[in-house]
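This report concerns only the one structure given below.
Quick caveat: nothing in here was measured; it's all calculated off a predicted structure. Each residue takes its place number in the sequence, starting with 1.
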Amino acid sequence: MIKVKIQNAQEGRNEPTFRPLLMVSNMLRDYHIDITESDSYDYLFVGMNDFIDKSQPLQQSIDYGLETLSKISGDYLLFDGSDSTSLMGAYEVLEQSNALFLMKNQKFYTREEYATPYAFNKWFFGTGSGLDLSYDISKENWNKIKFSGYNLGYLLPQYRNYQPISTDKSIDVCAIFQAIHKENYDHTIRNDEHYTKHRNGLWNKLEPLKSKYTMLTDKLPYNEYIENLRKSKIVLAPFGMGELCFRDFESMQYGTIILKPSHDKVDTIPNVYEDGKTYIGCKYDWSDLEEKIDYILSNFNELNDKLNFNLRDQFAEKYSYHNLCMHYYNLFSNLTEVKNG
């Protein structure tokens, strides 16, 4: 039995980071993994709350993480629970510490893609932030960056409660989302402006289209929002601070076609994003938005069933609790083989 301790599991960003693992903690025992509170353990899981401090300048955050980790004896894994492919503040700590792995919810497909500098190391934020980061990742360190085996789709069990897919939808486009983020900082540098540029840019693209489509853009109480989401043919799901969005899974639950920027750069486990099969992808700058909306509406009867059922089928298959447990069974099996070798 592999014994795992999760350090400070309920503190700050550690809580959503480790929530899926704690949800399956009893099941994991059937896969020879025991999550324990004892100080007698084989591996320590360290969440981002304990090695990243985004309220400090980046170098001070790195120093904080390394100081914290220097007090740990034994084997440990770092968990960056952020919802983007960015390695900001986490890769530096991996590179300079004794961590076995850095666990990520999602990342680029190849290490070479990290060589281009982006604002906060988020490709979808562009450049010009005052904190544009790139990484020259060695093969050795790339092999240390592993998938956590979960992402936003595991956080809320109600996503599995599928509702009937309506064929009588009176709303063309549901575009209810927060466009303007309050002032926000990563490592003392403002990041909200990049978030707002993308999302507010979508609203600007939609404004001249309001006479062409029936469209919802005004914020509604949650229950009203959900009812209108169900009645919508298309939901627009812009990126936020990360590429995956809770709206993606709400839309799956209520049977609404997802139109969002392409996920072609984003690798994650589980991955249900297949352009043209489970969602419709568009360009990040929204330059082909009208074309994509017209395509969906012109082929709605076909796509309504095809995309929604494909997405639900993939979600049911890939987001199983068995798969999550097997992910860690395989991770530890490979570790054991390496150590014994």
Side-chain angles (χ1 to χ4, degrees), residues 13 17 48 51-66 69 78-97 99 101-148 151 180-202 238-245 260-268 271 273 281-288:
R13 284 288 303 176
T17 296
M48 61 190 299
F51 70 94
I52 297 175
D53 184 352
K54 291 187 177 181
S55 70
Q56 299 186 34
L58 180 58
Q59 187 56 55
Q60 290 183 29
S61 172
I62 296 165
D63 293 342
Y64 155 74
L66 294 173
L69 298 176
L78 304 177
F79 280 72
D80 175 0
S82 59
D83 299 321
S84 79
T85 50
S86 171
L87 295 175
M88 177 182 67
Y91 180 74
E92 294 90 341
V93 173
L94 170 71
E95 195 175 33
Q96 300 175 58
S97 72
F101 299 130
L102 169 63
M103 311 299 287
K104 285 283 297 177
N105 293 349
Q106 55 250 29
K107 60 187 179 75
F108 282 145
Y109 279 92
T110 68
R111 62 191 176 95
E112 288 80 10
E113 290 179 275
Y114 282 101
T116 302
Y118 295 112
F120 309 98
N121 197 226
K122 296 181 180 182
W123 64 271
F124 49 92
F125 272 7
T127 58
S129 66
L131 192 58
D132 290 3
L133 300 172
S134 62
Y135 296 100
D136 181 13
I137 303 175
S138 67
K139 289 183 180 179
E140 179 184 2
N141 283 331
W142 182 246
N143 289 333
K144 291 181 180 180
I145 303 175
K146 304 291 186 182
F147 285 117
S148 65
N151 49 49
I180 303 191
H181 200 293
K182 66 180 181 180
E183 190 170 320
N184 195 61
Y185 292 81
D186 275 342
H187 303 302
T188 72
I189 306 295
R190 281 190 69 172
N191 64 10
D192 58 284
E193 295 163 318
H194 297 269
Y195 172 104
T196 297
K197 180 180 179 182
H198 170 59
R199 290 189 159 212
N200 204 43
L202 173 53
F239 290 170
M241 290 298 178
E243 297 96 337
L244 274 67
C245 180
K260 67 178 301 177
S262 172
H263 267 244
D264 287 352
K265 288 179 175 287
V266 184
D267 196 11
T268 185
N271 192 347
Y273 292 92
C282 64
K283 295 178 181 177
Y284 181 74
D285 65 2
W286 309 114
S287 58
D288 59 348

Within a strict 4.5 Å, meaning less than it, do heavy atoms of the [X] and [Y] side chains meet?
X	Y	answer
Ser129	Arg190	no
Ile145	Leu94	yes
Lys265	Phe124	no
Gln60	Asp53	no
His187	Gln59	no
Ser97	Leu66	yes
Lys107	Trp142	yes

Is a side-chain donor or acceptor of [X] paired with a backbone partner of [Y] at a separation under 3.5 angstrom?
X	Y	value
Asp288	Lys283	yes
Thr196	His181	yes
Asp132	Pro117	no

Apply side chain to side chain contact (heavy atoms under 4.5 Å, CB included) to Asn184 and Met241, showing your working.
CA-CA 11 Å; Asn184 195 61; Met241 290 298 178; 4.0 Å; yes
On a heavy-atom basis, which atom in [X] and which in [Y] lie closest, and how many Å separate them?
X	Y	value
Ser86	Phe120	OG-O, 2.7 Å
Arg199	Cys245	NH2-SG, 4.4 Å
Gly242	Ser84	CA-CB, 3.7 Å
Gln106	Val266	CB-CG1, 4.0 Å
His194	Ala119	CE1-CB, 3.9 Å
Ile52	Gly89	CG1-O, 3.9 Å

Measuring from atom [atom1] of [X] to atom [atom2] of [Y], what distance do you get when rounded to the nearest 0.5 angstrom?
X	Y	atom1	atom2	value
Asp136	Glu112	CG	CD	9.5 Å
Met103	Met48	CE	CE	15.0 Å
Leu78	Lys146	CG	NZ	14.0 Å
Ile189	Met88	CD1	CE	10.5 Å
Leu131	Lys122	CG	NZ	11.0 Å
Phe108	Asp267	CZ	CG	11.0 Å

Please lay out, stage by stage, how Arg111 and Tyr135 fare under the test side chain to side chain contact (heavy atoms under 4.5 Å, CB included).
CA-CA 8 Å; Arg111 62 191 176 95; Tyr135 296 100; over 6 Å; no
If the plane angle is over 60° it's perpendicular, under 30° parallel, otherwise tilted; pick one for His198 and Phe239.
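Rings of His198 and Phe239: tilted, as their planes differ by 30° to 60°.
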Over 60° means perpendicular and under 30° means parallel, so classify the ring planes of Tyr273 and His263, tilted if in between.
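Ring orientation of His263 relative to Tyr273: parallel.
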For [X] and [Y], test the side chains for any donor-to-acceptor distance below 3.5 angstrom and give the result as yes or no.
X	Y	result
Thr268	Asn271	no
Asp80	Tyr91	no
Asn105	Asn151	no

Evaluate the side chain to side chain contact (heavy atoms under 4.5 Å, CB included) criterion for residues Tyr118 and Trp123: first the C-alpha distance (whole Å), next the side-chain angles of each, then the deciding distance (0.1 Å), finally the verdict.
CA-CA 5 Å; Tyr118 295 112; Trp123 64 271; 3.7 Å; yes
Side chain to side chain contact (heavy atoms under 4.5 Å, CB included), that's the test. Do Thr85 and Glu243 meet it? Break it down for me.
CA-CA 8 Å; Thr85 50; Glu243 297 96 337; 2.8 Å; yes
